[in-house]
Amino acid sequence: MIKHDSIRLLATEKIAAAIQKMGHDLSADEIYKALVEPPNSDMGDLAYGCFILAKSLKKGPPQISGELAANMELDSNLIRAQAAGPYLNLTFAPQAFGEKVLNPILTGEHFKKALVEKAPKTMIEYSQPNTHKELHVGHMRNLCLGDSIVRMLRYAGREIVSATFPGDMGTHVAKCLWYMKKHNQEPVPATGKGEWLGSMYSKANLLLEDQNGTPQEDLNRQELTAILKQLEAGKGEYFDLWKETREWSIELMKSVYKWADVTFDEWYFESEMDAPSAAWVKELYAEGKLEKSEGAIGKNLEAEKLGFCMLLKSDGTGLYATKDLLLARHKFQDVQIEKSVYIVDMRQALHFKQVFRVLEMLGFEQAKNCFHLQYNYVELPDGAMSSRKGNIVPLNDLVRNMEEHVKTQYLARYKDEWSQDDVNLIASQVAKGAIFYGMLRMDTNKKIVFDMNEWLKLDGESGPFIQYSYARIQSLLRKFPRTQKSVNWALLTHPAEKQMMQALSGFNTAVAQAAENYKPAAICTYLYETAKKFNVFYHECPIGTEKDEAIREARLALSAAVGATLKQGMAVLGMPAPEKM
RNA sequence: GCACUCGUAGCUCAGCUGGAUAGAGUACUUGACUACGAAUCAAGUGGUCAGAGGUUCGAAUCCUCUCGAGUGCACCA
């Protein structure tokens, strides 16, 4: 393991020395791992729980912590070591934090440390939207999660390949094109074609459902089948229409990715996997690696309670699993990845269990390094969102509403002071911050009930809270520029200052843990708490107006370090950091 | 029926790889702008951690069962 936290490392060395003085030995890794934060910050900066030592020393933890405290050597960095029950609480001098944490933060060095020892080449596949459908707030959760996880892992030092896998083939496409050609009366709009196409899909479903049970139903089915055949054959009027309309949807996706500042290293399309994947499965069947059941070809996984993984329908065409199988082979063999993460809705859990198992049975060792990162879906107060039913909140509506709200509710007061460009930029940054934070702050297995009015409330634990703290720091630094290069950190003795420094020293540990667990929500919590501590410090300690120049400089430097950390943290989540707001 | 996820304050959620007194936000009641930015801060009210057993020196956290909510389970993606 990499012991990247300088304060924890200092504590580890001191404790190791004390243990040795007591005639015993414990590895640095074991000590480092066992360091925790005390429940109350005035008990100390770090605590060491003596539970592991209790076993090898055959004494009670409270006794050991007492002996350890007596054997700790204090110096200018470590100023207090006190036993409290089974814990040994350690307090460090402000200058220890200043030199080991704040200076590296201010130079930027602190954010360049490698946090993981092993960095296997990992593919993160996320954002698998269907073409010919509208993008809605549900897609946003996936996008925010994927983007932040890519950023987190890269920050921690992992080699990441990001990929998207849009669904540009299938019955949803046929339905959309069918309605567009046979029933639609509206002209194609000059702009917003992607959104318009989504409405065609939704209308197609309404009409089809309407005609279910009428003589028209059979006819509709025949027409859809004919369209699908044309698409598969790769020629005909519907194929041409598909090629054209597909671009409209891709355009829409790209505009959203641009807004979100998301880029993909690889774009895979279902249409590219379709025919080759079916051909490969036929080969595998011929080689005796797959079996036939009720006319379909696949793999029976009943013994593992995974059902039957169907790979070819009885009509010989492939399925979603078929394409995922081929795509996985491509990732392993051509892109040479060692780990593969799929960020997909929890409803696909069985699908991925089946696909991973089949890959394993086919002899792909990497299959055991495949991981389905499942998340719960976003629904509306009156139930599940479905582009089929048309009860969705389009992504663009959310963004527009949010930006408008920020402008009228918050930025109106600056309308004579700031340029229109500034207002627009900041509204967009704040809207983005609110949306990203809102999507990320909850654990992935929690459902998100999307209520527009709730989302427009920007107080309390929200993205703008963190952005606001950052903007205020920047404003402070503009108004009171730092004048001295060296800082006397020892002057930062106020409890609020101490807590601030403790918080900053924990940044890399927080990100490393979040990255290890694929948990951006943990960074949300960290940033929120850090921003909150800054607000306390800001209210308790005069900064720019402090008369003692040395204290003022130290506080300004601390504020600058908080700003740099918040900015880095927001960057890891994909949130912009406004210089003013 | 089988499998998976969830159940913590009125509401929305942290805490879950066992460890110190279960925390935030919101709502409600108060207080703080001639001030370095009030999108802020301070104080108060609010808990049978769904329930019952078990493992352990120690359980919101791990195991089993029960109850409740949701999702998935063959030719959709």
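Each chain gets a letter, A, B and so on, in the order the sequences are listed, and its residues count up from 1.
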Note to self: Taking the cut-offs as 6.0 angstrom to the six-membered ring centre and 45 degrees off its axis, would you call A:Arg552 and A:Phe480 a cation-pi pair?
What the structure shows: no

Next item on the list: Kindly indicate whether a cation-pi arrangement holds for A:Arg141 with A:Tyr375, taking the cut-offs as under 6.0 Å to the six-membered ring centre and within 45° of the axis.
Entry: no

Does [X] place a side-chain N or O at less than 4.0 Å from the phosphate oxygens OP1/OP2 of [N]?
X: A:Lys313; N: B:rC76; answer: yes
X: A:Arg413; N: B:rA39; answer: yes
X: A:Lys447; N: B:rU5; answer: no
X: A:Lys305; N: B:rA3; answer: yes
X: A:Arg441; N: B:rU12; answer: no

Between [options], spot the one nearest the side chain of [X], thanks.
X: A:Ser293; options: B:rA74, B:rG25, B:rA38; value: B:rA74
X: A:Lys532; options: B:rC41, B:rA77, B:rC73; value: B:rC41
X: A:Asp459; options: B:rG37, B:rU40, B:rC6; value: B:rU40
X: A:Ile543; options: B:rA77, B:rC36, B:rC4; value: B:rC36
X: A:Asn445; options: B:rU40, B:rU5, B:rG7; value: B:rU5
X: A:Val430; options: B:rA39, B:rA20, B:rU40; value: B:rA39
X: A:Leu458; options: B:rG70, B:rA39, B:rU40; value: B:rA39
X: A:Lys479; options: B:rA24, B:rA38, B:rC36; value: B:rC36
X: A:Val536; options: B:rA39, B:rG37, B:rA42; value: B:rA42
X: A:Gln348; options: B:rG37, B:rA77, B:rC36; value: B:rA77

How would you label the contact of [X] with the nucleic acid (heavy atoms, under 4.0 Å): base, sugar-phosphate, or nothing?
X: A:Phe352; result: nothing
X: A:Lys580; result: base
X: A:Met442; result: sugar-phosphate
X: A:Phe465; result: sugar-phosphate
X: A:Leu476; result: base
X: A:Pro38; result: base
X: A:Ala47; result: base
X: A:Ile297; result: nothing
X: A:Thr317; result: nothing
X: A:Gln467; result: nothing
X: A:Asp451; result: nothing
X: A:Cys541; result: base
X: A:Gly544; result: base
X: A:Asp315; result: nothing

Note to self: Please determine whether a side-chain nitrogen of the Lys or Arg among A:Glu403 and A:Lys407 lies less than 4.0 Å from a carboxylate oxygen of the Asp or Glu.
What the structure shows: no

Item checked: Charged N-O contact under 4.0 Å between A:Asp42 and A:Lys498 -> no

Notebook entry, point to check: Which comes earlier along RNA chain B counting from the 5' end, the contact point of A:Ile448 or that of A:Gln374, where each point is its nearest nucleotide?
Noted result: A:Gln374

Check: Quick one: on RNA chain B, does A:Ala349 or A:Tyr377 contact a more 5' nucleotide (nearest heavy atom)?
Finding: A:Ala349

In whole angstroms, how far is the [atom2] atom of [N] from the [atom1] atom of [X]?
X: A:Asn376; N: B:rC13; atom1: CG; atom2: P; answer: 10 Å
X: A:Asp443; N: B:rC6; atom1: CG; atom2: P; answer: 8 Å
X: A:Leu527; N: B:rA14; atom1: CG; atom2: P; answer: 16 Å
X: A:Arg347; N: B:rU5; atom1: CZ; atom2: P; answer: 17 Å

Rounded [atom1] spacing from [N] to [M] in Å:
N: B:rU26; M: B:rA39; atom1: C1'; answer: 15 Å
N: B:rA59; M: B:rG18; atom1: C1'; answer: 6 Å
N: B:rA69; M: B:rC75; atom1: C1'; answer: 31 Å
N: B:rG7; M: B:rA14; atom1: C1'; answer: 15 Å
N: B:rU5; M: B:rG10; atom1: P; answer: 28 Å
N: B:rG23; M: B:rG15; atom1: P; answer: 15 Å
N: B:rC65; M: B:rU55; atom1: C1'; answer: 15 Å
N: B:rC49; M: B:rC11; atom1: P; answer: 16 Å

Next item on the list: Can you label the angle between the A:Trp418 ring and the A:Tyr414 ring as parallel, tilted or perpendicular, going by 30° and 60°?
Entry: parallel

Can you tell me if [X] uses its side chain to pair, donor with acceptor, with the backbone of [Y] under 3.5 Å?
X: A:Gln467; Y: A:Pro576; answer: yes
X: A:Glu294; Y: A:Ala296; answer: no
X: A:Tyr538; Y: A:Ser469; answer: no

Would you say the base of [N] and the side-chain of [X] have a donor-acceptor pair closer than 3.5 Å?
X: A:Thr545; N: B:rA35; result: no
X: A:Asn535; N: B:rA42; result: no
X: A:Ser314; N: B:rC75; result: yes

Notebook entry, point to check: Taking the six-membered ring for Trp, does A:Tyr410 stack with B:rA39 (centroid gap under 5.5 Å, planes within less than 30°)?
Noted result: yes

Check: Do we count A:Tyr468 as stacking onto B:rG37 if the rule is ring centres under 5.5 Å and planes under 30°?
Finding: no

Item checked: Check: A:Phe537 and A:Gln499 side chains under 4.5 Å, non-hydrogen atoms -> no

Next item on the list: Any chance you could encode RNA chain B as dot-bracket? Rule is Watson-Crick or G-U wobble with both distances under 3.5 Å; [ ] for pairs crossing earlier ones, | for another strand.
Entry: (((((((..((((.....[...)))).(((((.......))))).....(((((..]....))))))))))))....

Check: Can you name the one residue among A:Gln348, A:His351, A:Gln354 that meets side chain to side chain donor-acceptor pair (under 3.5 Å) with A:Asp324?
Finding: A:His351

Next item on the list: Kindly indicate, with the supporting measurements, whether the criterion side-chain contact (heavy atoms from CB on, under 4.5 Å) is fulfilled by A:Asp5 and A:Tyr32.
Entry: CA-CA 9 Å; A:Asp5 184 322; A:Tyr32 187 92; 3.2 Å; yes

Check: For the residue pair A:Phe465 and A:Tyr437, is the inter-centroid distance of their aromatic rings smaller than 6.0 Å?
Finding: no

